[in-house]
Asker: 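What follows is a single structure, and I will ask about it in a moment.
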Amino acid sequence: MSKNLKRTASTENDKKPKKAKQNIGSDSESELSDAPEINGDAQPQTQVKQEASQSPIKNAVDTTETTNNTNDAKDAPKKDEDTHMDEPNEPKSESESDAPKKSTKKSNKDDDDEFGDKPKPKKSRKSAPVKKEESDADDDDEPRKPAKKAPRKSSTSTKNSQKPQKTPASKSLEDTKEGTLLDAVRLQAHYLQNANGDVKEEGEEEEDYKWWAEQGGFGDGTERWTTLEHNGVFFPPEYVPLPKQVRMKYDGKIVELSQEAEEVAGFYAAVLGSDHAADEVFNKNFFHDFLTVLKDHPPLDGTKIKEFSKCDFQPIRDHLDREKEKKKAMTKDEKKQAKEQREEIEKPFTHCLLDGRKEKVGNFRIEPPSLFRGRGAHPKKGKLKLRIKPEQITINIGKDATVPDPPAGTNWGSVQHDNTVTWLATWKENINGAYKYVYLAPGSTLKGQSDMSKFEKARELKNYIGKIRQSYEGDLQNKVMFDRQRATAAYLVDRLALRAGNEKGEDEADTVGCCSLRCEHVMLRPPNLVTFDFLGKDSVRFYQEDIKVEPQVFKNLRIFKKEPKGPQDPIFDRIHTTVLNNYFRNFMKGLSAKVFRTYNASITFQEELKQTPQEGTVAEKLLAFNRANRNVAILCNHQKNVSKNHDAAMDKMGDRLKALKYQRRKLRQMLAQVVDDKDVYKEHPSFKEEESDLEDEWMDAHEENERDKEIERQKKKFERENEKLRSEDQKEMKPGELEDRIKDVEEKWKTITKERRSGKPDVGKKNQTQLVTSMQKIEDRLEAFRVNASNKDEVKDVSLGTSKINYIDPRITVAWCKAYEVPVEKVFAKTLLTKFTWAMETSPEWKF
DNA sequence: AAGCGAACTTAGCAAAATGGAC
DNA sequence: GTCCATTTTGCTAAGTTCGCTT
């Protein structure tokens with residue numbers, strides 16, 4: 001039976017090794033490529049793989065609608081077209097990776113030396129920008145100079161033609177604004193004090209501004225808004241010192257930390273027990289920064305903290321846990337009240353006024369200090385992320401708007417009025433020097449416009465994709481290495497939905513995308529199977545075994561991997577993302593690598609949705625939807641961790657499945673007794689089939705179980721009835737009554753068990769027709785349940801959300817919902833409904 | 001042509017909210 | 001209503017892209 005229910009074996013599981021080693025590929029590579037060439041057919045591809053490749057795109061070779069194939073075959077014999085390209089002599093028993101080294105012909109100067117005798121160490125990194133003294137606790141809080149950058153595209157807020165229409169709604173907002181703005185600041189300064197009086201429910205301003213009904217997306221203009229008012233940002237609360245009795249220990253003894261150090265110790269206490277606390281790099285980085293803080297703010301009792309291993313943060317952790325418990329133990333009312341209070345003080349920041357419309361702000365909260373939780377093998381994980389001061393923040397706001405006051409006694413780093421950008425505030429983070437921004441929420445018009453134009457761009461690609469594929473497929477054999485690499489990269493981006501793959505620095509996790517693939521990430525197996533194994537964005541492993549590619553792509557990869565390159569050398573040494581994107585842009589304005597992901601995801605989804613059963617329950621249709629969604633997620637390699645209790649949940653489902661089978665068994669045996677028309681079995685052959693894996697042992701246990709449950713129910717019922725009698729001042733039933741009832745139940749189950757063992761359950765008054773109906777019903781339920789269970793298992797490590805949120809044009813979904821009469825709420829949660837309001841009016845016939 | 005700054009999208013995980021079983 | 005598992009949302013890290021500078 002259900003092999004589905006057993007966790008699909010191994011292969012699945014190593015899909016996402018939490019911390020895969022960097023050089024995953026390196027050794028298995030030789031293994032693979034050394035394999036003697038099995039000619040042609042006999043490839044033992046794994047199930048899993050096949051599965052994945054059923055998505056139109058996955059199987060790179062059997063392209064759908066393209067003009068490919070053309071000429072690869074004919075070029076086979078002609079090898080080595082010129083100086084630039086030296087193709088290894090036709091594959092012979094011997095495999096690619098160790099092809100006879102044959103010095104690269106000269107060709108383009110620079111690159112070749114790189115391959116010289118020694119494989120260049122990993123990737124040539126950008127000239128290291130000087131290692132800043134690690135201390136980093138010394139933040140450079142020099143305020144960002146106002147207009148250091150020339151805004152990307154000209155002009156700051158200029159008056160422009162289209163004035164913001166003052167809707168009545170916006171007016172009402174303006175009215176409250178004065179108070180709100182000021183209050184905001186005040187509130188923030190005193191944080192908890194619940195000052196403001198006025199912010200009244202601003203009535204439902206039913207302003208539905210349908211920007212999408214207007215001329216489609218934001219056009220050529222670079223200006224994104226005309227007026228912008230907001231209240232600035234919300235700072236996290238100041239640090240609250242621990243109660244006196246809560247102290248970390250050092251070498252077994254209590255330490256009186258300075259407040260500054262205590263806060264940092266608290267950050268660490270918070271990660272105790274997590275994977276991070278077991279991570280060497282994390283601990284090292286943390287302790288380094290902790291020491292830095294301790295140096296400036298030494299323990300008050302003179303303790304000298306020197307060794308990480310002697311630090312005991314557990315007391316702090318225990319305290320945090322207790323606090324958490326306390327919070328959990330609050331009554332409903334208390335919780336509600338606390339929440340309302342929180343919302344009240346945040347209220348000024350949740351919305352802004354953009355072109356006179358009230359719009360939701362997204363991340364208005366300044367990120368609180370903490371320990372940096374870099375993903376994968378990030379060299380900086382564990383470092384102290386510092387508290388952001390107002391002086392580090394740049395505010396972007398309309399020219400004529402009132403600039404929000406910074407918290408009392410502080411200043412904003414700077415204030416600018418740039419309407420070509422969409423952020424309200426920005427700051428630079430101290431770990432990586434990355435910029436952080438406060439943007440509007442996904443449901444805002446600004447974001448909605450961007451979103452829609454993203455999908456429009458992807459749709460536009462439809463018109464060019466044929467030409468593009470033709471072009472790069474032709475170039476796969478181009479004599480110029482540069483072109484050939486570019487074409488091959490384009491192929492991977494298009495067919496395998498790889499990301500562009502920018503270069504990364506030494507101080508980041510070692511992850512790659514298309515252009516940054518290294519030899520160790522790609523294994524070749526003749527005639528044209530390629531295995532990819534690398535860590536992509538977020539250090540999620542991309543592992544695809546034996547993908548069938550165009551023969552020419554296979555050849556190219558072999559060439560690109562050739563000696564003298566080593567495992568650490570890049571496959572695409574002549575190109576990088578900019579080259580690739582410039583190439584794409586030749587075909588279509590605004591086309592870049594990422595558009596292919598959007599395009600392929602959406603087109604795949606639309607295609608897969610055709611599997612939806614025309615007739616069928618909503619549940620069945622939803623299943624089809626999720627299947628399609630899943631295929632897209634697999635295409636994009638969107639993964640998630642298998643939930644901790646997935647196994648348990650599956651076991652439970654297995655049990656429930658057996659319970660269904662148990663019922664079916666009984667019905668089947670009943671039917672067998674009454675059947676008078678043998679045609680029933682002709683019509684429903686399955687009605688004769690026995691249930692798989694229904695052991696007597698299990699049924700014994702099951703019946704016992706059911707019996708016990710029923711007894712429990714009887715007891716409760718008895719209690720209830722007595723309770724009622726009491727309240728009506730009547731006499732209670734005697735305990736003996738309950739005993740009798742229990743006895744009845746026990747008798748009943750005894751009979752059931754006996755009958756079951758005999759294989760002849762009591763039929764009662766049921767006739768054949770009734771039993772047939774019941775049988776059909778139970779079989780349907782069984783099937784539905786099976787499908788559901790296997791679906792759940794299939795999806796356990798696949799993240800559906802990411803593609804739903806970012807890659808699948810919501811109009812496809814809306815059209816589908818309308819065509820199949822499925823309520824949109826079934827597929828879009830509240831936030832997505834908001835985010836995609838622009839797509840809600842799509843007609844059922846709409847096509848991506 | 002490489003490298004950087006800036007701004008924006010995409011991503012998985014953890015916390016919070018929800019909803020279904022009891 | 002309570003409890004628990006699942007779903008949704010929040011958070012912020014990690015990508016891509018593109019223009020500008022050197």
Side-chain angles (χ1 to χ4, degrees), chain A residues 16 18 110 124-127 129 144 148-154 224 270 274-275 324 327-328 332 335 339 362-368 370 372-376 378 380-381 385 394 396 418 420-423 426 428-429 431-437 439-442 446-447 450-451 454 499-505 508-509 511-516 536-540 576-582 584-585 590-595 597-598 636-641 643-646 648-649 652 709 712-713 716 792 799-807 828-832 834-835:
Chain A
K16 186 180 184 181
K18 250 351 273 218
D110 45 10
S124 62
R125 255 62 210 257
K126 351 179 152 186
S127 48
R144 234 155 136 273
K148 64 150 38 130
K149 67 138 197 185
R152 226 193 238 175
K153 302 175 184 170
S154 72
R224 302 296 304 273
S274 72
D275 288 352
K324 212 172 184 178
K327 230 183 225 168
K328 222 166 74 184
K332 235 194 179 135
K335 281 182 190 162
K339 189 178 171 194
N363 54 330
F364 56 85
R365 283 182 207 100
I366 294 294
E367 295 174 14
S370 64
F372 176 68
R373 289 147 130 94
R375 317 258 172 86
H378 198 297
K380 294 188 176 179
K381 57 161 72 169
K385 192 168 98 173
T394 297
N396 191 41
D418 182 356
T420 68
V421 297
T422 65
W423 51 266
T426 186
K428 205 169 177 177
E429 152 266 359
I431 305 282
N432 299 299
Y435 296 98
K436 301 279 188 158
Y437 300 86
Y439 291 112
L440 297 195
L446 278 184
K447 290 291 191 188
S450 301
D451 212 30
K454 170 183 77 185
R499 297 188 182 84
N502 286 304
E503 287 289 308
K504 296 192 72 189
E508 300 174 90
T511 62
V512 300
C514 179
C515 294
S516 47
K537 182 177 179 180
D538 290 310
S539 294
V540 170
H576 49 250
T577 55
T578 312
V579 168
L580 189 58
N581 283 336
N582 285 340
F584 287 142
R585 230 187 336 275
L591 184 60
S592 66
K594 79 194 274 282
V595 182
R597 269 169 81 81
T598 314
C636 296
N637 201 41
H638 293 144
Q639 305 185 16
K640 66 170 190 202
N641 272 329
S643 88
K644 239 187 264 99
N645 47 9
H646 175 80
K652 214 171 181 176
K709 271 197 259 175
E712 274 314 299
R713 281 197 297 272
K716 282 218 180 97
K792 187 176 165 160
S799 169
L800 302 185
T802 307
S803 49
K804 192 144 91 171
I805 294 167
N806 299 300
Y807 286 102
F828 284 154
K830 207 165 57 221
T831 47
L832 281 191
T834 313
K835 168 168 177 172

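Order of the sequence lines sets the chain letters (A, B, ...), proteins ahead of strands, with each chain counted from 1. Computed from a prediction, not measured in an experiment: that's the story for all the values here.
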Asker: Please give, in whole Å, the distance from C/dT8 C1' to A/Leu832 CG?
Answerer: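 Atom-to-atom, A/Leu832 to C/dT8, this comes out as 9 Å.
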Asker: Under 4.0 Å from OP1 or OP2 of C/dT16: is there any side-chain N or O of A/Thr577 that close?
Answerer: no
Asker: Can a donor-acceptor pair be found, under 3.5 Å and without considering hydrogens, that links the side chain of A/Lys447 to the backbone of A/Tyr439?
Answerer: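 No, because the side chain of A/Lys447 does not come within donor-acceptor range (under 3.5 Å) of the backbone of A/Tyr439.
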Asker: Can you check the A/Ile805 CD1 to B/dT9 C1' distance for me, whole Å?
Answerer: 12 Å
Asker: Does A/Asn645 or A/Ala829 map to a spot on DNA chain C nearer the 5' end, using the closest nucleotide for each?
Answerer: A/Asn645
Asker: Would you please confirm or rule out a distance under 4.0 Å between OP1 or OP2 of B/dT9 and any side-chain N or O of A/Ser450?
Answerer: yes
Asker: Should we count NZ of A/Lys830 as having more than 12 external heavy atoms under 6.0 Å?
Answerer: no
Asker: Closest approach to the side chain of A/Ala649, judged atom by atom: which nucleotide of B/dG12, C/dA13, C/dT6 is it?
Answerer: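 Between B/dG12, C/dA13, C/dT6, the one nearest the side chain of A/Ala649 would be C/dT6.
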Asker: OP1 or OP2 of B/dT9 sitting under 4.0 Å from any side-chain N/O of A/Tyr807?
Answerer: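 No, outside the criterion.
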Asker: Do side-chain atoms of A/Lys537 reach the backbone of A/Thr511 as a donor and acceptor pair under 3.5 angstrom?
Answerer: no
Asker: Please figure out whether A/Thr831 or A/Leu591 has its closest DNA chain C nucleotide nearer the 5' end.
Answerer: A/Thr831
Asker: Can you check whether A/Tyr807's main-chain N or O pairs, donor with acceptor, with A/Thr598's side chain at less than 3.5 Å?
Answerer: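 Not confirmed, A/Thr598 side chain does not pair with A/Tyr807 backbone.
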Asker: Provide, to the nearest angstrom, the distance between the NZ atom belonging to A/Lys332 and the C1' atom belonging to B/dA16.
Answerer: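 The answer, rounded to whole Å, is 14 Å.
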Asker: Can you tell me how far C1' of B/dT9 sits from CH2 of A/Trp423, to the nearest Å?
Answerer: 18 Å
Asker: Would you say B/dC13 has OP1 or OP2 under 4.0 Å from some side-chain N or O of A/Asn641?
Answerer: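 Answer yes for this pair, as a side-chain N or O of A/Asn641 is under 4.0 Å from OP1 or OP2.
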Asker: Applying a 4.0 Å non-hydrogen cut-off, can you work out what A/Lys324 is touching in the nucleic acid: base, sugar-phosphate, or nothing?
Answerer: nothing
Asker: Using a cut-off of strictly less than 4.0 Å, decide whether A/Thr511 has a side-chain nitrogen or oxygen near OP1 or OP2 of C/dG15.
Answerer: yes
Asker: So, does A/Arg375 get its side chain near the phosphate of B/dT10, meaning an N or O under 4.0 Å from OP1 or OP2?
Answerer: no
Asker: Looking at B/dT10, I'd like to know if its phosphate oxygens (OP1 or OP2) sit under 4.0 Å from a side-chain N or O belonging to A/Lys594.
Answerer: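 For B/dT10, OP1 or OP2 has a side-chain N or O of A/Lys594 closer than 4.0 Å.
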Asker: Quick check against the 3.5 Å criterion: does A/Asn363 have a side-chain atom that pairs as donor or acceptor with the backbone of A/Tyr437?
Answerer: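 Yes, A/Asn363 side chain to A/Tyr437 backbone: donor-acceptor pair under 3.5 Å.
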Asker: I'd like to know if A/Lys436 reaches the base of C/dT12 with its side chain such that a donor and an acceptor end up less than 3.5 angstrom apart.
Answerer: no
Asker: Is A/Lys792 near enough to C/dT6 that one of its side-chain N or O atoms lies under 4.0 angstrom from OP1 or OP2?
Answerer: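 For A/Lys792, the contact criterion (side-chain N or O under 4.0 Å from OP1 or OP2 of C/dT6) is met.
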Asker: Want to settle it: does A/Ser799 or A/Lys447 sit nearer the 5' end of DNA chain B, counting the closest nucleotide to each?
Answerer: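 Looking at the nearest nucleotide for each, A/Lys447 comes out on the 5' side.
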Asker: Can you tell me the distance, in whole Å, between the NZ atom of A/Lys644 and the P atom of C/dA5?
Answerer: 12 Å
Asker: Nearest to the A/Asn806 side chain among C/dT6, C/dT12, B/dA11, which nucleotide is it?
Answerer: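 Nearest nucleotide to the side chain: B/dA11.
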Asker: Check every strand shown and say whether A/Phe372 touches a base, only sugar-phosphate, or nothing at a heavy-atom separation below 4.0 Å.
Answerer: sugar-phosphate
Asker: For C/dT16 and A/Asn502 - does any side-chain N or O of the residue sit under 4.0 Å from the phosphate oxygens OP1/OP2?
Answerer: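 Yes.
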Asker: Taking only side-chain nitrogens and oxygens of A/Arg365, does any of them come within less than 4.0 Å of OP1 or OP2 of C/dC11?
Answerer: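 The answer is yes; a side-chain N or O of A/Arg365 sits under 4.0 Å from OP1 or OP2.
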Asker: For A/Pro368, report the nucleic acid contact type (base, sugar-phosphate, nothing); a contact means any heavy atom under 4.0 Å.
Answerer: sugar-phosphate
Asker: A/Arg499 side chain N/O closer than 4.0 Å to the phosphate oxygens (OP1, OP2) of B/dA11?
Answerer: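 For A/Arg499, the contact criterion (side-chain N or O under 4.0 Å from OP1 or OP2 of B/dA11) is met.
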Asker: Output the single nucleotide from C/dT9, B/dG12, C/dC18 whose closest atom is nearest the side chain of A/Asp538.
Answerer: B/dG12
Asker: Within this structure, what is the CG-CG distance for the pair A/Leu446 and A/Asp451, rounded to the nearest 0.5 Å?
Answerer: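 CG of A/Asp451 is found 12.0 Å from CG of A/Leu446.
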Asker: Given C/dA5, C/dT17, B/dA7, identify the nucleotide with an atom nearest to the side chain of A/Tyr437.
Answerer: B/dA7
Asker: Categorize A/Gly501 for me: base, sugar-phosphate, or nothing, with a 4.0 angstrom heavy-atom threshold over every strand shown.
Answerer: sugar-phosphate
Asker: Taking NE2 from A/His576 and C1' from C/dT16, how many angstroms apart are they, rounded to a whole number?
Answerer: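 Taking NE2 of A/His576 and C1' of C/dT16, I get 14 Å after rounding.
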Asker: Base, sugar-phosphate, or nothing for A/Ala434, non-hydrogen atoms under 4.0 angstrom?
Answerer: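 Nothing: the residue A/Ala434, judged by heavy atoms under 4.0 Å, touches no strand.
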Asker: If only atom types and distance count, is the side chain of A/Lys504 paired as donor or acceptor with the main-chain N or O of A/Ala509 below 3.5 Å?
Answerer: yes
Asker: Using 0.5 Å steps for rounding, measure from the CG atom of A/Leu591 to the CG atom of A/Asn582.
Answerer: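 Reported value, rounded in 0.5 Å steps: 11.5 Å.
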Asker: Just to confirm, is there a sub-4.0 Å distance from OP1 or OP2 of B/dT10 to any side-chain nitrogen or oxygen of A/Lys454?
Answerer: yes
Asker: Provide, to the nearest angstrom, the distance between the OH atom belonging to A/Tyr439 and the P atom belonging to C/dT12.
Answerer: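 To the nearest whole Å, that distance equals 16 Å.
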Asker: A/Lys537 or A/Arg373: which one's nearest nucleotide on DNA chain B is closer to the 5' end?
Answerer: A/Lys537
Asker: Check whether any side-chain N or O of A/Lys504 sits under 4.0 Å from OP1 or OP2 of C/dG15, and answer yes or no.
Answerer: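 For C/dG15, OP1/OP2 do have a side-chain N/O of A/Lys504 under 4.0 Å.
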Asker: Reckon A/Ser643 touches a base, only the sugar-phosphate, or nothing at all at heavy-atom distances under 4.0 Å?
Answerer: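 The residue A/Ser643 makes no contact with any strand.
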Asker: Using atom CG of A/Asn363 as one end and atom P of B/dA7 as the other, report the distance to the nearest whole Å.
Answerer: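 After rounding, the gap between these two atoms is 14 Å.
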Asker: OP1 or OP2 of B/dA17 versus the side-chain N and O atoms of A/Lys339: is any pair under 4.0 Å?
Answerer: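 The answer is yes; a side-chain N or O of A/Lys339 sits under 4.0 Å from OP1 or OP2.
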